[in-house]
Amino acid sequence: MPLHLISRCPSPTTASFTVSNASRHTSTAAKLLFYLQLLLRVIIFAGVLFLNAARSRHAFFIEDGSFIPWTAVWSSPLGSAVCRIADTYNFIAIAVASALVLYGVFRKGYTEESLLVIRGLGIQTSTSSPTYLSTAATRFIPTTEIQDIVIHEAFKGFEVRFYLAVVVVGEPEVVVVFPKLLPNRAKLEEVWRGSRHCLYDSKP
């Protein structure tokens with residue numbers, strides 16, 4: 001997916017830059033596809049829960065509860081079909097398959113990385129997690145530890161890739177900004193100019 005850069009400058013001393021390969025959902029077709037995918041995720045999630053409930057029905061879901069008549073549920077055409085599938089495979093196979101399916105359901109399918117710059121405090125880098133169940137990986141670097149912000153070039157396979165790096169005092173290696181997405185040089189130069197202006201330029 002193509003990368004897009006979102007730059008925000010809410011004040012002269014604060015700037016944020018976000019790079020993402022997520023779909024923008026600007027057209028009607030894109031929005032419709034997004035909601036269809038969301039609906040499909042909900043249906044698959046409910047199906048996995050229903051299958052595991054059917055596999056454990058003799059232990060937990062055999063008696064009618066206050067709100068759910070389990071006897072009628074398991075005797076219905078859909079309930080009977082799910083029970084047959086659940087009884088065909090052992091618990092370990094269903095558990096492994098359910099875990100894989102749930103990982104696919106909660107997987108984001110896109111990556112979002114950001115850089116937050118606050119003059120006088122420092123910078124914070126963030127990389128989104130691959131799933132909705134975990135939080136983003138973030139790191140804060142105080143201004144007193146920032147030696148410089150530079151654009152380097154390196155080989156990745158047989159091509160030259162540019163990357164934005166923060167030189168931290170006392171650390172042997174630089175901190176790479178946007179390490180997973182590695183946007184092109186034009187986007188990096190925009191972030192580099194904006195971040196240095198926010199950190200070091202006292203003039204508006």
Side-chain angles (χ1 to χ4, degrees), residues 1-27 29-31 33-34 37-38 41 99-100 102-204:
M1 294 183 181
L3 301 181
H4 53 270
L5 172 65
I6 301 175
S7 302
R8 299 184 180 91
C9 188
S11 70
T13 60
T14 305
S16 68
F17 308 92
T18 302
V19 178
S20 175
N21 59 0
S23 177
R24 302 293 293 271
H25 307 304
T26 54
S27 64
K31 292 180 180 179
L33 180 61
F34 170 76
Q37 291 177 347
L38 182 61
R41 288 173 184 257
L100 293 176
L102 289 179
Y103 176 79
V105 168
F106 289 104
R107 187 173 181 272
K108 290 183 178 180
Y110 66 90
T111 302
E112 187 173 274
E113 297 182 300
S114 62
L115 173 67
L116 175 64
V117 183
I118 304 176
R119 184 185 302 171
L121 290 179
I123 64 175
Q124 177 177 286
T125 62
S126 176
T127 300
S128 64
S129 62
T131 68
Y132 293 102
L133 300 178
S134 54
T135 58
T138 61
R139 178 180 178 179
F140 180 77
I141 306 174
T143 304
T144 54
E145 298 181 7
I146 300 174
Q147 184 174 342
D148 202 356
I149 301 176
V150 296
I151 296 178
H152 280 309
E153 61 180 15
F155 286 98
K156 185 178 181 181
F158 294 99
E159 62 177 339
V160 178
R161 300 297 298 270
F162 294 91
Y163 63 93
L164 185 68
V166 181
V167 183
V168 182
V169 177
E171 294 192 10
E173 297 183 355
V174 298
V175 177
V176 179
V177 184
F178 316 130
K180 291 187 177 181
L181 295 178
L182 294 176
N184 58 35
R185 182 173 179 176
K187 291 183 174 63
L188 292 179
E189 289 179 350
E190 180 181 346
V191 176
W192 176 77
R193 286 191 296 266
S195 58
R196 287 184 63 88
H197 175 78
C198 184
L199 277 178
Y200 305 120
D201 196 349
S202 58
K203 298 180 181 180

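These numbers come from the heavy atoms of this one structure, side chains and all, not from hydrogens, waters or symmetry mates. Keep in mind that what you see is a predicted model, and the values were worked out from it rather than measured.
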Colleague: Let me confirm one number: the CG-NZ distance from N21 to K180, rounded to the nearest 0.5 Å.
Modeller: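 So the CG of N21 and the NZ of K180 are separated by 11.0 Å.
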Colleague: Return the OG1 to NE2 distance between T13 and H197, rounded to the nearest 0.5 Å.
Modeller: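 Answer rounded to 0.5 Å: 10.5 Å.
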Colleague: Would you say the side chain of I141 lies within less than 4.5 Å of the side chain of V166, judging by non-hydrogen atoms?
Modeller: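 Side-chain contact under 4.5 Å: yes.
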Colleague: Would you call E113 and K187 a salt bridge, using N to O less than 4.0 angstrom?
Modeller: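 No, no charged N to carboxylate O under 4.0 Å.
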Colleague: For R161 and A154, indicate whether the former's side chain and the latter's backbone hold a donor-acceptor pair under 3.5 Å.
Modeller: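 Between the backbone of A154 and the side chain of R161 there is no qualifying donor-acceptor contact (under 3.5 Å).
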Colleague: Run the numbers on I123 and R139 for side chain to side chain contact (heavy atoms under 4.5 Å, CB included), then give the verdict.
Modeller: CA-CA 8 Å; I123 64 175; R139 178 180 178 179; over 6 Å; no
Colleague: Compare every heavy atom of S134 with every heavy atom of S129, then report the nearest pair and how far apart it is.
Modeller: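 Closest approach of S129 to S134, heavy atoms only: OG-O, 2.7 Å.
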Colleague: Check L181 against T111 and note the closest heavy-atom contact, atom names and distance.
Modeller: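 Looking at all heavy atoms of both residues, the closest pair is CD1-O, 3.7 Å.
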Colleague: Working to the nearest 0.5 angstrom, can you tell me the gap between L102 CG and R107 CZ?
Modeller: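 Reported to 0.5 Å precision, the distance equals 14.5 Å.
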Colleague: Please report the interatomic distance CZ(F106) to CG(L133), rounded to the nearest 0.5 Å.
Modeller: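 Answer for the CZ-CG pair, F106 versus L133, is 5.0 Å.
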Colleague: Please name the pair of heavy atoms, one in S128 and one in A136, separated by the smallest distance, quoted to 0.1 Å.
Modeller: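 Residues S128 and A136, closest heavy atoms: CA-CB, 3.9 Å.
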Colleague: Decide if atom CD of E159 counts as having more than 12 heavy atoms of other residues, nucleotides or ligands within a radius under 6.0 Å.
Modeller: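 More than 12 heavy atoms, drawn from other residues, nucleotides or ligands, come within 6.0 Å of this atom.
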Colleague: Is the shortest side-chain heavy-atom distance between I146 and Y200 below 4.5 Å?
Modeller: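 They are in side-chain contact.
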Colleague: Parallel, tilted or perpendicular for Y163 and H152, by the 30°/60° rule?
Modeller: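 If you compare the ring of Y163 with that of H152, the planes turn out tilted.
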Colleague: Rounded to the nearest 0.5 Å, how far does CG of L121 lie from OG1 of T144?
Modeller: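 Answer for the OG1-CG pair, T144 versus L121, is 10.5 Å.
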Colleague: Taking R8 for its side chain and T18 for its backbone only, find out whether a donor-acceptor pair lies under 3.5 Å.
Modeller: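 Between the backbone of T18 and the side chain of R8 there is no qualifying donor-acceptor contact (under 3.5 Å).
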Colleague: For the residue pair P130 and K108, establish whether any side-chain heavy-atom pair is separated by less than 4.5 Å.
Modeller: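 The answer is no, as the side chains (C-beta and beyond) never meet within the 4.5 Å cut-off.
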Colleague: Is there a side-chain contact between F178 and V191, using heavy atoms and a 4.5 Å cut-off?
Modeller: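 Heavy-atom side-chain distance check passes, below 4.5 Å.
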Colleague: What are the two closest heavy atoms between I149 and W192, and how far apart are they?
Modeller: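 So the minimum-distance heavy-atom pair works out to O-NE1, 2.7 Å.
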Colleague: L199 and R119: which non-hydrogen atoms are nearest, and at how many Å?
Modeller: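 In terms of heavy atoms, the two residues are closest at O-CG, 3.6 Å.
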Colleague: Kindly indicate, with the supporting measurements, whether the criterion side chain to side chain contact (heavy atoms under 4.5 Å, CB included) is fulfilled by S195 and F17.
Modeller: CA-CA 9 Å; S195 58; F17 308 92; 4.3 Å; yes
Colleague: What's the separation between atom OG in S20 and atom CD1 in I6, rounded to the nearest 0.5 Å?
Modeller: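 So the gap between those two atoms works out to 7.0 Å.
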Colleague: Closest approach of T143 and G120, non-hydrogen atoms and distance?
Modeller: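 Closest approach of T143 to G120, heavy atoms only: OG1-C, 3.6 Å.
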Colleague: Is there a side-chain contact between P179 and T127 (heavy atoms, below 4.5 Å)?
Modeller: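 In short, these two side chains touch, coming nearer than 4.5 Å.
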